[in-house]
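Following: one structure in structure tokens, then a few remarks.
Chain identifiers are assigned alphabetically (A, B, ...) following the order of the sequence lines, protein sequences preceding nucleic acid strands; residue numbering begins at 1 within each chain. The structure displayed is predicted, hence computed values, not measured ones.
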Number of protein chains: 2
Amino acid sequence: MISNKTKYGLKALAFLSKQEKGILVPISTIAESENISQKFLESILLSLRKAGFLGSKKGKGGGYYLLKDAKDIKVASIFRILEGPIAMVPCVSLNFYEKCSDCPDENKCSVHRLMIQIRDNTLAILENSTLADFVI
Amino acid sequence: MISNKTKYGLKALAFLSKQEKGILVPISTIAESENISQKFLESILLSLRKAGFLGSKKGKGGGYYLLKDAKDIKVASIFRILEGPIAMVPCVSLNFYEKCSDCPDENKCSVHRLMIQIRDNTLAILENSTLADFVI
DNA sequence: TTAAATCCTACTAGTCCGATAGGGTAATAG
DNA sequence: CTATTACCCTATCGGACTAGTAGGATTTAA
């Protein structure tokens, strides 16, 4: 299960990608349209801006906008910012690797192998789909 | 990320599947071999027994054993017992479906479609691999 | 009868999620 | 200049969940 944070983030990005280029969308508009708590969405968009996905403009008439083309934003990278690891166990994560304390030898661990299989498959989808692909 | 509960459960089942038929393995043996807290493992094996995967015998010389052949135990079904939903969002879960409160129409939700894709792919692995497949 | 093992319930410390509160800062309209 | 709009930032918090822990009841073999 992914967190609401990730789900909301994806929805917000999808919303922004549907706008015409150059349009600034205030948080309130997205929050109302997608039924998300405005304050919560605020912190999510902040993360996405700091991660380099979004630009923003303050003050009256301000708002958020996509910095890159939707087709150049991989879903996998959004996931890593908002959710963290994509793998199901830390010991098979490429970007957030951590050793399992209970496992003396990963190569002899049955679970390890299974999890690598799942990770590779999920990654194949997430690395190959962009914001442009999944937006309706 | 999956819980330790699921990871430990998979490890324990893997361990049991490596035993000769008819052998009873006490919790303590599995716990020591796999570096799992015995008490915690106790509750996990209890769930697996109640779910019909394991048989047990009490008293001296007692222990746990697989009720079915390892090749007849799908990883997906173990997952559903220990972890719950396999899907990344409740609104695409086959066995644990729940409507998203923020989403008025699933068919118009971009995230929904993406999540279905991931679910189907993960499911393809989990439904088609058995305990026998992934044990080393 | 004793030791070994499962069974079962209840409790808990800690962590994380999903938000909320409350203001600070910048930009713009008028 | 001033009011308004909107982003920026930190702190806090209740509730749920995780990963155990505690303590004993029950069953069986020797």
Point to revise | First of K50(A) and K60(A) reached from the 5' end of DNA chain D, by closest nucleotide | key: K60(A)
Point to revise | Of F40(B) and L46(A), the one whose closest DNA chain D nucleotide lies more 5' | key: L46(A)
Practice item. Looking at every strand, decide which applies to L45(B) at a 4.0 Å heavy-atom threshold: base, sugar-phosphate, or nothing. Key: nothing
Whole angstrom is fine here: how far is it from [atom1] in [X] over to [atom2] in [N]?
X	N	atom1	atom2	answer
K7(B)	dT18(D)	NZ	P	15 Å
D102(A)	dA19(D)	CG	C1'	13 Å
K58(A)	dT28(C)	NZ	P	12 Å
I44(A)	dG18(C)	CD1	P	9 Å
Q38(B)	dA5(C)	CD	P	9 Å
M1(A)	dA16(D)	CE	P	18 Å
L24(B)	dA4(C)	CG	P	17 Å
L54(A)	dC7(D)	CG	C1'	12 Å

Check your understanding: Hey, which of these two, E83(A) or Y64(B), hits DNA chain C nearer its 5' end, going by closest nucleotide?
Key -> Y64(B)
Does a side-chain N or O from [X] land closer than 4.0 Å to OP1 or OP2 of [N], or not?
X	N	answer
S56(B)	dA5(C)	no
R49(A)	dC9(D)	yes
S3(A)	dC16(C)	no
S43(A)	dA19(C)	no

Point to revise | The single option from D120(B), V111(B), I116(B) passing side-chain contact (heavy atoms from CB on, under 4.5 Å) against V92(B) | key: I116(B)
Listed nucleotide nearest any side-chain atom of [X], set [options]:
X	options	value
E42(A)	dT6(C), dC9(D), dA19(D)	dC9(D)
N4(A)	dT27(D), dA19(C), dA5(C)	dA19(C)
K57(B)	dC9(D), dA29(D), dC8(C)	dA29(D)
K39(A)	dC8(D), dG22(C), dG18(C)	dG22(C)
P26(B)	dG20(D), dA5(C), dT27(D)	dA5(C)
Y8(A)	dC7(D), dT6(C), dA19(C)	dA19(C)

**Study point:** Trace of the side chain to side chain contact (heavy atoms under 4.5 Å, CB included) decision for L13(A) with V135(A)
**Key:** CA-CA 9 Å; L13(A) 287 169; V135(A) 166; over 6 Å; no
**Study point:** Distance-only side-chain donor-acceptor flag, S93(A) / E98(A), under 3.5 Å
**Key:** no
Point to revise | R80(B)/E127(B) salt bridge by N-O under 4.0 Å criterion | key: yes
Review point. What distance separates L82(B) CG from K7(B) NZ, expressed to the nearest 0.5 Å?
Key: 13.5 Å
Check your understanding: Which heavy atom of Q38(A) sits nearest a heavy atom of A31(A), and at what distance?
Key -> CA-CB, 3.9 Å
